[in-house]
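Starting from 1, each residue takes its place in the sequence as its number. Counting convention: from 1, in listed order, for ligands and their atoms alike.
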Amino acid sequence: MAQLARPCSAKFKEDFAYETIKDRLPVILTKVIDAVTRDRKSLVANNGQGLLINDLKGIISRLAEMKHSLQTNKPLKPLTDNTDSTEAWNKYLEEQVKCSDKPPSWFSSTWLYVECFFYRKIHEAMALSEHFKGLDPFGEQKRRSLIESMTSVTSLAYHLEKELNVLSESDDTEATRKVYLQILQVDLWGNKCDLSISGANDNHQTTDPILQLPTLQSGILVDDSAATWQQLVDANRTKPNQVRVDIILDNSGFEFFTDLCLAVFLVDMKLASIVRLHGKSIPWFVSDVTAEDFSWTIDQLGVQSDTHTNLFGFLKRLKENLQSGAITFEVHTFWTLPQDFNEMQTVAPDLYASLQKSDLVYFKGDLNYRKLIGDRKWDPTTRFETAVRDFRPAPFCALRTIKCDVLVGLRNGQMEEVQRVDPNWMKSSAFAVIQYLSG
Ligand SMILES: O=P(O)(O)OC[C@H]1O[C@](O)(CO)[C@@H](O)[C@@H]1O
Ligand SMILES: [Mn+2]
């Protein structure tokens, strides 16, 4: 068994974790407080009673207290909001207390735990209110980021519709493979549009998603996309019209639209008979897709198609697949717990068992990648399968733009090359990996 690399933590000032906990999370939390304060009038107006002001004041004071605790490195405390994940979180805290010599705190515990706890704590502040239990303080930004990406959305929708009209009439496998690899890269780079790396500042797509691919290509450090195509071809040979693909979603907005493009392509080209999309059950890492974001996005694409007629053909395909059940959306609490994926089989055996029925699982984004490799500081030349350890429910592929300082599967000397090209490599989202592991 390979020696386990140490987890990222803010106790090491050289870790990106330190900058994130010290500087970036307080900025994000301040924006949440501002959002709730700013929206106070509209939130109360929509609900029409002055007493709601006190309810909102309660949320704001809990968030302010959380900010003070974060900035003064106070011990992490059990959650008190009595939701369906409260017990799991408090059990995890007890385990951390048992296995560390001092109480877990923002700057001493692992980055993965503390950053996940940060977003779960924000949810607690809402859940403890009377009338705003499910308030998503990031909702406005996520909606704005899709609307401001509409030029890119419509050009991608039009391109895909044109390709699908030609390909579905031909059985030109090579042409289909080419478009699959193109859409996969569009889906990969859609992950650049994430509001947590941007410190909750606007981060929407402005360029043409297809035309930008050649310039981005050199940033792909590991490209196993051909192996994912082969897996789809093999799965269709062994079980025609019964292939299941899962996409573990990341960010709402433009990235989620690229996920929908991949799902529609796979179904309409008969590469999958079902594509199951997995979202988050609470607001998460600023821009992650919740059930509310899912339905709002589908509705908003409908609204936009009135003016952006290029959307029309794609949207018809998407809606048919949603109605037929070929594309589905679901959430599971596990995706917003602190555990990394090596613990899924113990913590969420039902989810693990479901993923075992998949023929290919795509994991989108940086946080999913961190959870695949345990958010540990592996040597970058460590093999992907070593870093993933025992997690292997099905063949899977990580589609990740790099936004932090954990990375595996590189060639000897490749990390040094990247650092020379761009010392800011872990924050610039200029680099990415497409890493595949067979079942
Ligand atoms: O939305 P993504 O791709 O998971 O990115 C979120 C990532 O951004 C960061 O906030 C960057 O620090 C990481 O904490 C996190 O892994
Ligand atoms: Mn995200």
(message) Please give the atom name: the N, O or S atom of D288 nearest to the Mn ion (ligand 2).
(response) OD1

(request) Give the name of the N/O/S atom in D250 that lies closest to the Mn ion (ligand 2). (result) OD1

(message) Assess whether a salt bridge exists between E140 and K31, defined as any Lys/Arg side-chain N lying under 4.0 Å from an Asp/Glu carboxylate O.
(response) no

Tell me if the [atom1] atom of [X] is crowded by more than 12 foreign heavy atoms within 6.0 Å.
X    : atom1 : result
E65  : CD    : no
E19  : CD    : yes
Y158 : OH    : no

(request) Just do the ring pair (Phe, Tyr, Trp, His ring centres under 6.0 Å) check on F341 and F396 with the steps written out, would you? (result) CA-CA 12 Å; F341 294 162; F396 64 78; 8.8 Å; no

If you count the atoms of ligand 1 from 1 in the order shown, which ones are under 4.0 Å from a heavy atom of [X]?
X    : answer
N191 : 3 (O)
D250 : 1 (O), 2 (P), 3 (O), 4 (O)
G365 : 3 (O)

(request) Determine the minimum heavy-atom distance between V267 and I327, stating which atoms define it. (result) CG2-CG1, 4.1 Å

(message) Restricting to non-hydrogen atoms, name the atom on A17 and the atom on S9 that form the minimum distance, rounded to 0.1 Å.
(response) CB-C, 3.6 Å

(message) Could you work out, for atom 15 (C) of ligand 1, the closest of R370, K403, K371 by heavy-atom distance?
(response) R370

Record the part of [X] in heavy-atom contact with ligand 1 below 4.0 Å; permitted values are side chain, backbone, both and neither.
X    : result
F363 : neither
E115 : side chain
R24  : side chain

(message) Quick one, W106 with F117, criterion ring pair (Phe, Tyr, Trp, His ring centres under 6.0 Å). Give me CA distance, side-chain angles, the key distance, then yes/no.
(response) CA-CA 9 Å; W106 299 95; F117 186 75; 5.6 Å; yes

(message) Quick check: D366 and ligand 1, any N/O pair under 3.5 Å apart?
(response) yes

(request) Look only at interatomic distance and state if F285 has a nitrogen or oxygen under 3.5 Å from any nitrogen or oxygen of ligand 1. (result) no

(request) Answer with yes or no whether Y369 contacts ligand 1, where contact means a heavy atom under 4.0 Å from a ligand atom. (result) no

(request) Step through it carefully: locate the ring centre of F256, locate the ring centre of F329, and say whether they are under 6.0 Å apart. (result) no

(message) Looking at the Mn ion (ligand 2), is there an N, O or S atom belonging to N251 that lies under 2.8 Å away from it?
(response) yes

